[in-house]
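Inspection log for the structure reproduced underneath, given as structure tokens.
The model shown is predicted, which means the values in this text are computed figures rather than measured ones. The chain is numbered in sequence order, starting from 1.
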Amino acid sequence: MRFSAARRRFFSQTQQVFRLLAQGQARFLVRAVETRLRSEVASFGLRRDLMVPHQAPAAKIPLIVRALERGDDLSMLDLERGEPSTAYGRQAQRLLVAANIPTCWVAIAPAGKVCYMQWLIAPRDNDRVQARWGDLFPRLGPEEALLEGAYTDDAYRGQGIMAHAMSLIAEQAREFGGRWVVTFVAKSNIASLKGCKKAGFAPYVERTESWRLLRRRVRFAPLPEGTGYSFD
């Protein structure tokens, strides 16, 4: 039996709820419910054209950027370490890892630990994206790719890792015929927007995600071409 994207998403979210309860992480469920009762998040959709030459900006430390491998050290996602303010983000990353969405890329610090992670998603995985996120992202066309789930370890922030790794990860879209690589970042996340700009990305659309009493509405509004943003 073939399930609809909405039904697959419901099953996935139900599994997440039980997983969180099993891990004793009810506080994250409370925050998720509060968000879905009433919230609104405005984001920029940013895009990079791989046909335009771009030099990856250097990070402050040497890095190895590659696909996630079995046995990689993901201790940066431990919920009891790092800054309390980023615990919700770490939990979101743990759930994304558990979802087995291809392909997670990582940056390895000199100590051999993963210090950055991000997913590069191909058009062939459109159904997986819809099952996971619903209509939060536009369906990818044949020459498009999606970057999602960027996360930098608390201990490595401020070292230019995101811009360097993201730039190199985007290049991997060429392997499946990608030319346009897109990503979405909240307008309030100035640090990440600056990192995206350094990685060769520019805004092309605005997205508004609104929740009212557990019902979500997602709207997209194209931005005028040639509009510049400083993200100061």
Side-chain angles (χ1 to χ4, degrees), residues 2-13 16 32 35-36 39-52 54 89 92-93 95-96 99-105 117-151 162 166-167 169-190 192-197 199-212 214-229 231:
R2 184 178 179 84
F3 294 108
S4 67
R7 183 169 294 183
R8 291 197 301 272
R9 186 165 66 256
F10 172 78
F11 286 141
S12 174
Q13 292 172 346
Q16 292 175 23
T35 297
R36 285 158 175 75
S39 65
E40 183 166 296
V41 178
S43 302
F44 280 122
L46 303 105
R47 180 170 59 189
R48 175 177 162 190
D49 183 355
L50 296 181
M51 296 293 288
V52 177
H54 175 76
Q93 295 300 109
L95 293 175
L96 197 48
N100 292 319
I101 295 175
T103 298
C104 181
W105 288 78
M117 62 197 311
Q118 189 170 36
W119 278 256
L120 179 65
I121 303 172
R124 60 176 173 264
D125 293 309
N126 269 322
D127 288 345
R128 288 175 179 259
V129 171
Q130 285 196 312
R132 174 74 184 175
W133 291 289
D135 58 353
L136 192 60
F137 303 107
R139 285 187 67 87
L140 298 171
E143 294 186 303
E144 293 180 323
L146 172 68
L147 277 172
E148 176 58 19
Y151 187 83
M162 174 187 173
M166 185 178 187
S167 180
I169 295 169
E171 296 281 350
Q172 304 306 313
R174 300 180 192 274
E175 296 297 319
F176 50 81
R179 171 182 174 180
W180 301 97
V181 184
V182 302
T183 191
F184 286 81
V185 179
K187 287 185 175 183
S188 60
N189 193 344
I190 301 301
S192 290
L193 289 171
K194 288 182 177 180
C196 290
K197 186 175 182 179
F201 288 77
Y204 77 102
V205 70
E206 287 184 277
R207 181 186 72 189
T208 304
E209 178 190 11
S210 303
W211 283 95
R212 297 291 186 273
L214 307 181
R215 297 180 67 87
R216 184 176 72 178
R217 181 184 180 190
V218 180
R219 303 185 299 277
F220 296 93
L223 295 171
E225 291 189 14
T227 304
Y229 293 88
F231 301 129

Is there a side-chain contact between [X] and [Y] (heavy atoms, below 4.5 Å)?
| X | Y | answer |
| --- | --- | --- |
| Leu193 | Leu46 | yes |
| Ser210 | Arg216 | no |
| Arg215 | Arg36 | no |
| Val185 | Ser43 | no |
| Leu140 | Trp180 | no |
| Phe184 | Leu147 | no |

Any donor-acceptor N/O pair, [X] side chain to [Y] backbone, under 3.5 Å:
| X | Y | result |
| --- | --- | --- |
| Arg179 | Pro142 | no |
| Trp119 | Ile101 | yes |
| Arg139 | Gln130 | no |
| Glu144 | Pro123 | no |

Of the non-hydrogen atoms in [X] and [Y], which two are nearest, and what is the gap between them?
| X | Y | result |
| --- | --- | --- |
| Cys196 | Met162 | SG-CE, 3.6 Å |
| Val181 | Phe201 | O-CE2, 3.1 Å |
| Leu223 | Pro203 | CD1-CB, 3.6 Å |
| Pro102 | Asp125 | CG-OD2, 3.7 Å |
| Gln93 | Gly149 | NE2-O, 3.0 Å |
| Ala145 | Leu120 | CB-CD1, 3.9 Å |

Mind checking the [atom1]-[atom2] spacing from [X] to [Y]? Nearest 0.5 Å is all I need.
| X | Y | atom1 | atom2 | result |
| --- | --- | --- | --- | --- |
| Gln118 | Thr103 | CD | OG1 | 12.5 Å |
| Ser192 | Tyr151 | OG | OH | 11.5 Å |
| Ile169 | Trp105 | CD1 | CH2 | 7.5 Å |
| Arg217 | Thr208 | CZ | OG1 | 9.0 Å |

- Six-ring centre of Phe220, Arg207 cation under 6.0 angstrom, axis tolerance 45°: no
- Query: Taking the six-membered ring of Phe176, is the NZ or CZ of Arg124 close enough (under 6.0 Å from the centre) and on axis enough (within 45°)?
  - Reply: yes
- Item | Asp127/Arg132 salt bridge by N-O under 4.0 Å criterion | no
- Task: Determine, stepwise, if the pair Glu40 / Trp211 fulfils side-chain contact (heavy atoms from CB on, under 4.5 Å).
- Result: CA-CA 6 Å; Glu40 183 166 296; Trp211 283 95; over 6 Å; no
- Show the numbers, then the answer: is there a side-chain contact (heavy atoms from CB on, under 4.5 Å) between Thr183 and Met166? CA-CA 10 Å; Thr183 191; Met166 185 178 187; 3.6 Å; yes
- Query: Checking salt bridge (charged side-chain N to carboxylate O under 4.0 Å, His left out) for the pair Glu171/Arg48: CA distance, chi angles, key distance, verdict?
  - Reply: CA-CA 10 Å; Glu171 296 281 350; Arg48 175 177 162 190; 2.4 Å; yes
- Task: Output, in order, the C-alpha distance, side-chain angles, deciding distance and verdict of side-chain contact (heavy atoms from CB on, under 4.5 Å) for Val182 and Tyr204.
- Result: CA-CA 9 Å; Val182 302; Tyr204 77 102; 3.6 Å; yes
- Stepwise side-chain contact (heavy atoms from CB on, under 4.5 Å) check, Glu209 with Arg219: CA-CA 7 Å; Glu209 178 190 11; Arg219 303 185 299 277; over 6 Å; no
